[in-house]
Amino acid sequence: MSSLKWLLLVVIVAVCCACETLPGPACPPAPADPGYGTPAVPVPTSSLNIELSQGYLRERVRAMMDAPTTASSGVEIGTVRLSQETDAQGAPLHLLNVVISPWMRGNGDSLVSLQRSYELKLQLIPYLITPATEPDSNRRHALLCPNGNCTNNNGLLLRFAFYELFSRINQAPVACGAANYDMIDGQVLTSVYKSMETAKPIVVQADGLLNMAAGLAGSPVQITGVVLGSDLELKVGLRFDVGTPGIFDPQVSLSHFPDADWGVSLDTSLLSMAVRRSAIAQATGTDPRVSINGVGISYTPAGFDVKAAGMINLCGGINFTASTLVKPQLCRKSDGQIALQVCSGKATTTPKINVLQGICYLGSQFLGAFSGGWANAVIKTGNCPDMGIVSFQAGPGDILYGIKLDTDNIFYIAGRSTFMDARISRNPAPADCP
């Protein structure tokens, strides 16, 4: 070996012996706060529950983290699962756990795996947007209208916030100051942070839901709270200031509808209020001699079994009962929106008379009162009026719309997403309105 080579070797050894381990890559800046306001504090009860499937959330995450086709590097999305945990203070923690594997683009445009995998943990944080939480109407519209073309004043933002990047090879969270933090960790963490900066929240525009609830309740409705559940499926509960909110249950019913992306269950007391009010108004409006004492509603697989009890001021006062089966349906209107309609069958009325009222019963006055469609007027029948529109925007290029109903002891609407329709080449449903 020449003296020059020996000299270079000595210098290199001397420098390396005098120095410490070279520092790892720089730590990327954490994502900035998106400025949505203060996260909603969970409440114990809900009036309306929205469920989102894991498949829907998985595709939203894929769209959020997909690399451009010309990118030199990116991550492959693996399994996606929801979990509900608790933080150090014992507060509920709702996480979306995503397995990712980094790759680099090789020769011939092939994707070369870096032989690493991570579990990215995203925290789901709700923000309630109403005139009470955000007084500035322009700001409300900007938050609730991803396309900048609506005037919604009430809704919910569901943010994907970075919580942790867990290295599966090191079995530890990726931390900039850790001894095993290397260039691959740094590149993946940087990529994740950039995705968080541009990630769009799930937006639930609630004005349509509130209008539907107001139509049922017969008075304006406001959102007073929100609560989340993330045990396998995501469930979002909204509490209204009317009706009888129930204790929030994180369990979901969406598994009964495998072709659905989301579902909504509504406080049945709101529907019952609407049916009672309609029965009383129709009966007393048809004949001023009629008074309604009570209206009962049973929720069955076939629809709503409605029974009304009342009295007609005739022949000393004759009590009666009237009943009908109300069948709700979803259908597509000519403008493309999905309508919730309520169709009633033929109503039947049974008078309750005593012996002394027998003569009246045989008289034409009584027979005229209980003929000519009077019974159908007690519970409005013969048509299918709209009760509301079951479609709302959930983000840019994504509209959630209803496809099926379940009335077996509940009122549940299952639906699809136009975003998912496009992702998996699926035709929209349901059928056109008659």
Side-chain angles (χ1 to χ4, degrees), residues 16 19-35 54-82 95-125 146-147 158-203 394-398 417-425:
C16 289
C19 69
E20 298 180 356
T21 303
L22 293 175
C27 189
D33 185 278
Q54 288 208 50
Y56 172 76
L57 292 174
R58 179 176 59 250
E59 292 304 316
R60 287 293 298 259
V61 171
R62 286 184 188 277
M64 179 176 66
M65 301 194 68
D66 272 348
T69 55
T70 57
S72 60
S73 62
V75 295
E76 179 183 355
I77 306 297
T79 58
V80 178
R81 65 179 180 87
L82 283 159
L95 297 178
L96 187 64
N97 306 277
V98 186
V99 174
I100 59 175
S101 302
W103 53 261
M104 295 190 69
R105 196 174 299 278
N107 295 330
D109 216 28
S110 61
L111 304 183
V112 179
S113 171
L114 299 184
Q115 303 301 311
R116 295 277 187 95
S117 67
Y118 302 82
E119 186 171 39
L120 172 61
K121 298 185 177 184
L122 302 176
Q123 185 179 2
L124 302 174
I125 303 177
N147 296 328
L158 194 59
R159 172 190 170 199
F160 297 98
F162 176 83
Y163 183 76
E164 181 181 273
L165 181 65
F166 186 86
S167 171
R168 302 177 83 184
I169 192 172
N170 295 321
Q171 286 297 295
V174 173
C176 295
N180 53 15
Y181 180 71
D182 59 16
M183 291 296 296
I184 296 178
D185 290 340
Q187 288 290 338
V188 173
L189 188 60
T190 299
S191 176
V192 167
Y193 279 178
K194 287 182 178 179
S195 296
M196 295 298 97
E197 290 282 4
T198 58
K200 301 299 182 183
I202 293 177
V203 180
D398 191 12
S417 151
T418 56
F419 165 79
M420 288 292 287
D421 289 343
R423 294 283 287 192
I424 62 178
S425 301

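Computed over heavy atoms, backbone and side chain alike; hydrogens, waters and symmetry mates excluded. Not measured: the values here are computed from a predicted model.
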To the nearest 0.5 Å, what is the distance between [atom1] on [X] and [atom2] on [Y]?
X: I100; Y: E76; atom1: CD1; atom2: CD; result: 11.0 Å
X: D398; Y: I202; atom1: CG; atom2: CD1; result: 8.0 Å
X: L158; Y: L57; atom1: CG; atom2: CG; result: 8.0 Å
X: Q54; Y: L82; atom1: CD; atom2: CG; result: 4.5 Å
X: L124; Y: L95; atom1: CG; atom2: CG; result: 7.5 Å
X: F419; Y: I424; atom1: CZ; atom2: CD1; result: 10.0 Å

[X] vs [Y] side-chain heavy atoms within contact, under 4.5 Å:
X: W103; Y: V112; result: no
X: I125; Y: Y163; result: no
X: D33; Y: R159; result: yes
X: V61; Y: L120; result: no
X: V98; Y: F160; result: no
X: L189; Y: Y181; result: yes

Only counting residues at least two apart or in another chain, list the ones meeting salt bridge (Lys or Arg N to Asp or Glu O under 4.0 Å) with E59. R62, R423

If every non-hydrogen atom of [X] is compared with every non-hydrogen atom of [Y], which pair is closest and at what distance?
X: G397; Y: T418; value: O-OG1, 3.7 Å
X: Y56; Y: S417; value: CE1-OG, 3.4 Å
X: P25; Y: M183; value: CB-SD, 3.7 Å

Please tabulate, for the side chains in residues 165-180, all donor-acceptor contacts under 3.5 angstrom to protein atoms that are two or more places apart in sequence or on a different chain.
{"unit_1": "S167", "atom_1": "OG", "unit_2": "N170", "atom_2": "N", "d": "3.2"}
{"unit_1": "S167", "atom_1": "OG", "unit_2": "N170", "atom_2": "ND2", "d": "3.4"}
{"unit_1": "Q171", "atom_1": "NE2", "unit_2": "R168", "atom_2": "O", "d": "2.9"}

Any side-chain to backbone donor/acceptor pair from S191 onto Q187? Under 3.5 Å, distance only. no

Enumerate the salt bridge (Lys or Arg N to Asp or Glu O under 4.0 Å) contacts for residues 110-122, please, sequence neighbours excluded, ordered by first and then second residue. R81-E119, R116-D182, R116-D185, K121-E164

